[in-house]
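First the proteins, then the strands, lettered A, B, ... as listed; each starts at 1.
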Amino acid sequence: MGTPEFAVPSLAKLVQDGHEVAAVFTQPDKPAGRGKHLQAPPVKAFALERGIAVHQPARIKTNEEVRAVFQSIAPDACVVAAYGKILPEWLLQIPRLGCINVHASLLPKYRGAAPINWAIANGERETGITIMQMDAGLDTGPMLAQRAIEIGEDETAPELSARLAEVGAELLSETLLLVERGEIEPVPQKNDEATYAPMLKREDGLIDWQMSAREIANRVRAFQPWPGTYTIFRGVRLMLWRARAASTLTLDGIKNVEPATIILIDKTSLTIACSGSSALRIEEVQIEGKRRMNARDFINGARLNVGDRIADSLFGDQQSG
RNA sequence: CGCGGGGUGGAGCAGUCUGGUAGCUCGUUGGGCUCAUAACCCAAAGGUCCCGGGUUCAAAUCCCGGCCCCGCAA
């Protein structure tokens, strides 16, 4: 059971390892893109290519059909990776070996829907994969295996997600083998150390220029590809695609500049004052309705000068639509 | 037919409402200045104004049709 790109390597690994994948459950196709076509989740596309049966129930908990399918399959195990739905108690109890989840954090940290994004947003240097036995709670089940990896200094969420997906597939493969042999003792999570990584909301991407440059830069990396990190500039959304905290050398004599003000323009970037005497060096942006462009092109087109403001307000709250 | 923005020398944009000389910031090329420079000064090259019709003395601009890019929404 899984839905996005993150889940594909794990499914591929299951197939490659010779496991009999009786069925794949994934989210229903959804209208996407500019027109309104239905779009198949990545996991569905992969499964169909391999000739695996695909089920896309809108609801599970009270769905008798799903229940019947599940009971007739009577799987040894159910593997879940970023499925995007809550699994009801009755389903959790059907597989002999339980429901095994591939979660992209070092549990109990970052339980929830967006562990990768929030780990980067919070400036973590390290995250990882936890393989766990699912229970009725949200990512609260006992852990079967865990593997940590470093987060790159400039690594974005899609990049980290791709790496974690591979690590997850690998660790899943190893763990499943041990589970089949009954050689793993599940380790309960320390609930008092748990933190949550809630699903991202559009507003999470709105820049608060009262934050430090480092915090903003982290969010720029973290909230890709959605909701992005943006401010409201001349009445439209201005997305920041690449930015980093400016070196302290750049900061001389800017102590009293109001946040969101341009303090430096050079060949490839523009530097914006943030709070706490920090500054954000912006290298790639995108204006609403336009393509992504490097900072130089943006400066040329928007005719920016030092002293101009990059945000209509510090919070962008005048957008309120 | 979900809503909206856009397509103008190589890049990013203005000009379009109120038809009439192709503009700005860069880049490129040549020259100059300088110990030197991606800095500065001077000069030059480079455009079917997305495509096809229509209106008009005249269309980047107005009207009709089409293609393509992007944001929102989901």
For this session: Rounded to whole angstrom, note down the C1' distance from B:U56 over to B:C42.
Result: 43 Å
Problem set entry | RNA chain B: 5'-proximal contact among A:Glu288 and A:Ala302 (nearest heavy atom) | A:Ala302
Problem set entry | B:C70 versus B:C33 - spacing of their P atoms, nearest Å | 48 Å
Exercise. For the pair made of CZ in A:Arg234 and P in B:A14, what is the distance, rounded to whole Å?
Worked result: 10 Å
Exercise. Between A:Glu283 and A:Arg244, does at least one N-O distance fall below 4.0 Å, as a salt bridge requires?
Worked result: yes
Problem set entry | Distance between P atoms of B:C26 and B:C72 (Å, rounded) | 31 Å
For this session: Could you check how far CZ of A:Phe298 sits from P of B:C70, rounded to whole Å?
Result: 19 Å
For this session: Figure out the CG/P separation between A:Leu270 and B:U25, and round it to whole Å.
Result: 19 Å
For this session: Report the base-pairing partner of B:C67 (Watson-Crick or G-U wobble, both distances below 3.5 angstrom), or none.
Result: B:G7
Exercise. With a 3.5 Å cut-off and no angle check, do the side chains of A:Glu124 and A:Thr127 form a donor-acceptor pair?
Worked result: no
Problem set entry | Length of the OH-C1' vector between A:Tyr230 and B:C72, whole Å | 11 Å
Problem set entry | Whole angstrom value for the distance that separates P of B:C70 from CH2 of A:Trp241 | 12 Å
Exercise. Between A:Lys267 and B:G27, does any side-chain N or O lie under 4.0 Å from OP1 or OP2?
Worked result: yes
Exercise. Is any side-chain N or O of A:Arg237 under 3.5 Å from a base N or O of B:C72, one able to act as donor and the other as acceptor?
Worked result: no
Exercise. Who does B:A44 pair with, Watson-Crick or G-U, both distances under 3.5 Å?
Worked result: B:U28
Seminar exercise, completed: Looking only at B:C70, B:A14, B:C72, the nucleotide nearest the A:Gln286 side chain is B:C70
For this session: Calculate the interatomic distance between A:Asp297 atom CG and B:U28 atom C1'; express it in whole Å.
Result: 15 Å
Problem set entry | Separation of the P atoms in B:C24 and B:C63, to the nearest angstrom | 28 Å
Exercise. Paired with B:U37: which nucleotide, if any, by Watson-Crick or G-U wobble criteria at under 3.5 Å for both distances?
Worked result: none
Exercise. What interatomic distance, in whole Å, is found between P of B:C50 and the corresponding atom of B:G15?
Worked result: 15 Å
Problem set entry | Side-chain heavy-atom pair A:Ile310, A:Phe298 within 4.5 angstrom cut-off | yes
Exercise. Charged N to carboxylate O below 4.0 Å: is that the case for A:Asp29 and A:Lys44?
Worked result: yes
For this session: Give one of base, sugar-phosphate or nothing for A:Lys290, where a contact means two heavy atoms less than 4.0 Å apart.
Result: sugar-phosphate
For this session: Tell whether A:Arg34 reaches the base of B:G71 with its side chain through a donor-acceptor pair below 3.5 angstrom.
Result: yes
Problem set entry | Separation between the C1' atoms of B:G23 and B:C68, rounded to whole Å | 26 Å
For this session: Please measure how far the C1' atom in B:U21 lies from the corresponding atom in B:G31, and state the result in whole Å.
Result: 29 Å
For this session: Give one of base, sugar-phosphate or nothing for A:Arg291, where a contact means two heavy atoms less than 4.0 Å apart.
Result: sugar-phosphate
Exercise. Quick one: A:Glu284 CD to B:A11 P, roughly how many Å, whole number?
Worked result: 17 Å
Exercise. Given the P atoms of B:G5 and B:A14, what is the spacing between them in whole Å?
Worked result: 14 Å
Exercise. Across the strands shown, which category fits A:Gln39 at heavy-atom distances under 4.0 angstrom: base, sugar-phosphate, nothing?
Worked result: nothing
Exercise. Taking the side chain as C-beta and beyond, is there a heavy-atom pair between A:Asn122 and A:Asn218 under 4.5 Å?
Worked result: no
Problem set entry | Carboxylate-amine/guanidinium proximity below 4.0 Å for A:Asp204 and A:Arg219 | no
Exercise. Taking the six-membered ring for Trp, is the centroid-to-centroid distance between A:Tyr230 and A:Trp241 below 6.0 Å?
Worked result: no
For this session: Using whole Å, report how far CG of A:Asn294 lies from P of B:C26.
Result: 15 Å
